[in-house]
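Okay, structure first, notes after.
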Amino acid sequence: MDRFTPSVTEPKWQKAWDEANVFLAKRDETKPKYYVLEMFPYPSGKLHMGHVRNYTMGDVIARYKMSTGHNVLHPMGFDAFGMPAENAAMASGGHPKDWTYANIDTMVEQMKPLGLSLDWSRMFATCDPDYYGQQQALFIDFLEKGLVYRKNAVVNWDPVDMTVLANEQVIDGKGWRSGADVERRELTQWFFKISDFSEDLLEALNSLDNWPAKVRLMQENWIGRSRGLEFSFERTDGADPITVYTTRPDTLMGASFVGISPDHPISKALEAENPDLAAKIAEMRKGGTTEEALEKAEKLGVDTGIRVKHPLNPDWELPVWIANFILMDYGTGAIFACPAHDQRDLDFCRKYDLPVIDTFFALDAEKPVGKEAFVPPKTEKVKWVNHFAGLDVATGQEAVGATIDYAEAQGWGKGVTNYRLRDWGLSRQRFWGCPIPVVHCESCGVVPEKKENLPIELPYDVDISIPGNPLGRHPTWRNTSCPKCGADALRETDTMDTFVDSSWYFARFTAPHAKTPTDLAEASYWMNVDQYIGGIEHAILHLLYSRFFARAMQICGHLPEKSIEPFDALFTQGMVTHAIYKNAERTDEHGRAIYHYPAEVEERDGGTFVIETGEKVEVIPSAKMSKSKNNVVDPLNIIENYGADTARWFVLSDSPPERDVEWTTSGAEAAYKHLGRVWTLCDRIGAMDPSETGQGDEDLLREMHKAIRDVTLGIESFGFNAAIARLYAFTNTLAKSKAGAAAKKEAIKVLAQLMSPMTPHLSEEIWAHQGGEGLITQAPWPVADEAMLVESTVTLPIQINGKRRSEITVAKDLAKEEVEKLALADDAVVKALAGGQPKKLIVVPGRIINVVI
RNA sequence: GCGGGCGUGAUGGAAUGGUAGACAUACCAGACUUAAAAUCUGUUGGGCCUUGUGCCCGUGUGGGUUCGAGUCCCACCGCCCGCACCA
């Protein structure tokens, strides 16, 4: 008997695929194309199970589409710029480039044994000068079309290391290395004008039928269209009025103060002349720049002493406060506060002893606001108090509309549509990124580099070991001549956000070696991505930025019009998780937690301990596998022990693909055993005398066709776990069947085909063993015979008052009246009715009967 | 804090508003074996008794809609993702 030996068969079939060039994608107008793409990895050093799961899903789709006659493009690359390479270089003294390319080599070596149907000839890394040079060309085109501009923006500033910090590097408001209190500081930065596309990006979400509804909803909320009122408060000192934007102008009679951002021009002017105020504003600027940090920070405010007049009552004076929770980027950077109907405003007013005025009450209770602001849904009717536009009972929505109309009619305000979406700041004060291709010239200002000088390459001779940007302190790299006037000039030292790199790689894959960013003929054939697969954590930023880039690239002629929405279908898979083992007895020299690998700990005496030291370990259940938490399982070990097919089968089998899956050793073993069983079954069937007859041939073939139907549907709907459950069931049916050799041979070949997207190596082996023609990878997908799927009878459960009490088996197309008669004649029903009549009789044809008594 | 999602046996999970627990793991029992592993077969949500083609309970908690709710609605609890310089 032949044994199931993945270590021998898997490399053999991978070689066969390579030699037949089956995964090489070539433009072929005679075939329908299918572009399947998984979000490309960051080369962190090792492949982890999350990658394996992600790529296996894409591979199932790619292989399935190939066998249904599609010309498939399935490429792979690396998102290779970013901070970890700099951190590694800082820690161990190497160069980010060497670290990154070494990691890429390792990861490619780890990916190849998985048997993925990738076209490796198209591989690139975003840190290849060939790729980022084309990205620089895109930047110059965007600049020409007015899609990029410069303005000031706030960054995290570490006052000890004198460097800009990423949000990730700010821990509890302190710099991760220096431990110093982080400050917010302004720098001149480059921005993409994504806000020009707010309305389009929002509206077009409606056309993305094959995207998850939750992703569309998240993007909708992120873009955040709101209709509000813009108006001004006159200052009592006669200075320029303060313009505010509010989405609740209907609560204007509940105003208790006017609030401005610490970055508002008025705040800045006051800061310059009033040291006392400047100190308080400086206090407000402490902490990180994230919205979360701003929202959670203690509400701080300071009275400017400025007074303004209420627009509806000139005798009513309101104080102007600077408040740390007001963002300069949203609206006008100034608001009016209505504490009765906004919790944040209320907390602020209670803290600083400012008045709280109710403007409406619930219909059933006229209760003044206490500790909690009264914030009913905008669609709920409420009772208004002395509303200036004459409202009595109305919803918030109606009141907002009426107020805007009233203000416009009276001429003191105008209705304005605002978006929460801000322009995308792309400047990074870091080394390992795509250099921004502009030159600063004393006489010409900021000048784009000439395209023939691209790529502007990163220098290799840099010192990465001290904080700050090595490009800025390189002895010669900055020195160049102005592309316009030829005079001595300096290069920009900022690099691009790594999100830029990942915002157009999908387009580059259609012509990865083109001398322009894309080749329109190739892009027109291969775009759009028919199926994009990646983590839900990218639901907003990466996907929104890519949608923006597709629009901008189309404007510059790099993509066809149809590619404005680049991803036709999106699937967001869950993560592979594993418990985290955190040392409960000590921390490292910086006071940070120490994490242990799964292999370093053991369970005993009802606790978990570090094997080597015996220290107690805190087990944090089921967290995302991440290098920093050391809770990773190495796929290579799994492949060495069980083979790639087992790893592929397991990551697909145990959880629905959109949900997280927790890696367990027992699950992998189970998958291995099952594949061994399938192989044994194949071997047994192969050994049967071809003329041998048996019983139940038709039953087996009927089950086979049902399996074809269910597995096909499972793959097409991303129900991989359900498809695999179905394959388990069909394998059991086949193993127990007493059918003849011909039927069994047909069944095992179809089983191999149905399994082939998940376990391609084993399937090839079975196919060859059973005398299949050519490669199973290139064989056409089996089609279910409709005639074999028809059932003549159906079993209907009978419920009495919604509880299952009995069942009857009837002919499939029996008339409803006949089913009712049979149901009423059922013993359990007769007994329950006790001679009476049912109140109601519900018959759902083919599904269920419910008798209501 | 804000936005989005998830919650079903011992475990992973299945279930177009229609028989809750498919399929698998684990456990238990049996077969094979000198023995173990492997393999094969079978049982397994909880409870009750009258052991039946029986009854009651059961999908995070509490309400609601419906002939019928794991599924829809509301509130709460817990966990996860994102929050614009992590990728």
Side-chain angles (χ1 to χ4, degrees), chain A residues 39 41-42 44 79 81-84 153 155-156 164-170 189 194 212-215 217-222 224 288-297 325 329 343-344 420-430 497-499 501-502 535-542 544-545 572 574-575 577 621-624 628 653-656 658-662 664 666-667 669-671 673-674 676-677 680 719 721-722 724-729 732 735 795-799 801-807 827-828 838-842 844 846-853:
Chain A
M39 290 180 187
Y42 178 78
S44 55
D79 188 14
F81 275 134
M83 290 199 306
V155 295
N156 301 305
V164 176
L165 297 179
N167 285 335
E168 193 190 47
Q169 299 171 316
V170 179
Q189 313 252 286
I194 189 171
K214 63 180 168 187
V215 174
L217 186 57
M218 278 190 259
Q219 292 218 352
E220 185 182 323
N221 290 336
W222 185 261
T289 58
T290 67
E291 197 164 312
E292 185 190 2
L294 295 172
E295 289 283 334
K296 280 191 180 167
F325 60 85
D329 289 321
Q343 191 60 44
R344 193 168 54 182
R420 206 184 72 95
L421 181 64
R422 311 199 291 259
D423 278 334
W424 169 14
L426 68 119
S427 304
R428 296 292 180 271
Q429 295 70 45
R430 268 183 274 285
D497 178 7
T498 55
F499 271 120
D501 312 336
S502 56
I536 185 68
E537 67 270 25
H538 296 294
I540 297 175
L541 293 179
H542 162 62
L544 192 63
Y545 290 157
T572 54
M575 297 174 303
T577 65
S622 206
K624 179 181 181 173
S628 64
S653 68
D654 244 22
S655 260
E658 69 276 12
R659 229 190 278 183
D660 292 352
V661 62
E662 175 149 17
T664 59
S666 60
E669 276 168 6
K673 282 182 193 172
H674 177 73
R677 271 194 295 269
T680 308
N721 55 328
I724 284 179
R726 195 65 187 78
L727 286 166
Y728 269 110
N732 291 340
T795 301
L796 297 175
I798 299 178
Q799 293 182 335
N801 288 341
K803 286 187 193 293
R804 184 186 172 280
R805 285 291 182 264
S806 182
E807 61 181 36
D827 287 349
K839 275 191 198 147
K840 206 169 178 180
L841 184 59
I842 291 145
V844 184
R847 292 235 69 115
I848 203 161
I849 299 158
N850 192 9
V851 185
V852 185
I853 297 171

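Naming convention: chains lettered A, B, ... in sequence-line order (proteins, then strands); numbering from 1 in each chain. Since the model is a prediction, treat every value here as computed from it, not as a measurement.
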Any base atoms under 4.0 Å from A:Lys839, or only sugar-phosphate, or nothing? Heavy atoms, all strands. nothing
Taking the same atom, P, in B:G21 and in B:U43, what whole-Å distance lies between them? 15 Å
Using the P atom as the reference point in each nucleotide, state the distance between B:C23 and B:A36 in Å, no decimals. 29 Å
What's A:Phe499 touching, base or sugar-phosphate or nothing? Going by heavy atoms closer than 4.0 Å. base
Between the base of B:C81 and the side chain of A:Glu537, is one N or O donor paired with an acceptor at under 3.5 angstrom? no
Ignoring the backbone of A:Val844, work out which of B:A14, B:G18, B:C81 is nearest its side chain. B:G18
Looking across every strand, which nucleic acid part, if any, lies under 4.0 Å from A:Asn721 by heavy atom: base, sugar-phosphate, or nothing? sugar-phosphate
So, is A:Lys214 close to the B:G5 phosphate, meaning a side-chain N or O under 4.0 Å from OP1 or OP2? no
I'd like the C1' distance from B:G45 over to B:G12, given in whole Å. 16 Å
Looking for any heavy atom pair under 4.0 Å, which part of the strands does A:Pro656 touch: base, sugar-phosphate only, or nothing? sugar-phosphate
CH2 of A:Trp222 versus P of B:C83: gap in Å, rounded? 7 Å
Provide the Watson-Crick or G-U wobble partner of B:G3, both distances under 3.5 Å; none if there is no partner. B:C81
Would the A:Phe499 and A:His542 ring centres measure less than 6.0 Å apart? no
Between B:A29 and B:U44, how far is it from one P atom to the other, in whole Å? 16 Å
Does A:Asn850 reach a base, just sugar-phosphate, or nothing at all? Heavy atoms under 4.0 Å. base
Using a 4.0 Å heavy-atom cut-off across all strands, classify A:His674 as base, sugar-phosphate, or nothing. nothing
Name the nucleic acid region contacted by A:Val215, choosing base, sugar-phosphate or nothing; use a 4.0 angstrom heavy-atom cut-off, strictly under. nothing
Mind checking the P distance from B:A10 to B:G60? Whole angstroms is fine. 13 Å
Would you mind classifying the nucleic acid contact of A:Ser502 as base, sugar-phosphate or nothing, using non-hydrogen atoms under 4.0 angstrom? nothing
So A:Asn732, base contact, sugar-phosphate only, or nothing? Heavy-atom distance under 4.0 Å. sugar-phosphate
Check every strand shown and say whether A:Gln189 touches a base, only sugar-phosphate, or nothing at a heavy-atom separation below 4.0 Å. base
Quantified in whole Å, what is the P atom distance between nucleotide B:A24 and nucleotide B:G78? 37 Å
Check whether the side chains of A:Thr289 and A:Asn167 place a donor and an acceptor atom closer than 3.5 Å, and report yes or no. yes
Nucleotide nearest A:Arg677 (side chain, heavy atoms from C-beta), chosen from B:C23, B:C40, B:G18: B:C40
The side chain of A:Arg430 is closest to which nucleotide in this list: B:C85, B:A38, B:C83? B:C85
If you look at every strand shown and take non-hydrogen atoms under 4.0 Å, does A:Leu727 touch a base, only sugar-phosphate, or nothing? nothing
Any strand counts, and the cut-off is 3.5 Å on both contacts for Watson-Crick or G-U wobble. Which nucleotide pairs with B:C76? B:G60
Nearest-Å distance once atom C1' is located in both B:C80 and B:G9: 23 Å
Would you say A:Asn156 reaches B:C85's phosphate, i.e. side-chain N/O to OP1/OP2 under 4.0 Å? no
Work out how far the P atom of B:G7 is from that of B:U61, and round it to whole angstrom. 13 Å
Does any N or O donor sit under 3.5 Å from an N or O acceptor when you compare the side chain of A:Arg805 with the base of B:U53? no
No-H, no-angle donor-acceptor pair, A:Gln429 side chain to B:C85 base, under 3.5 Å: yes
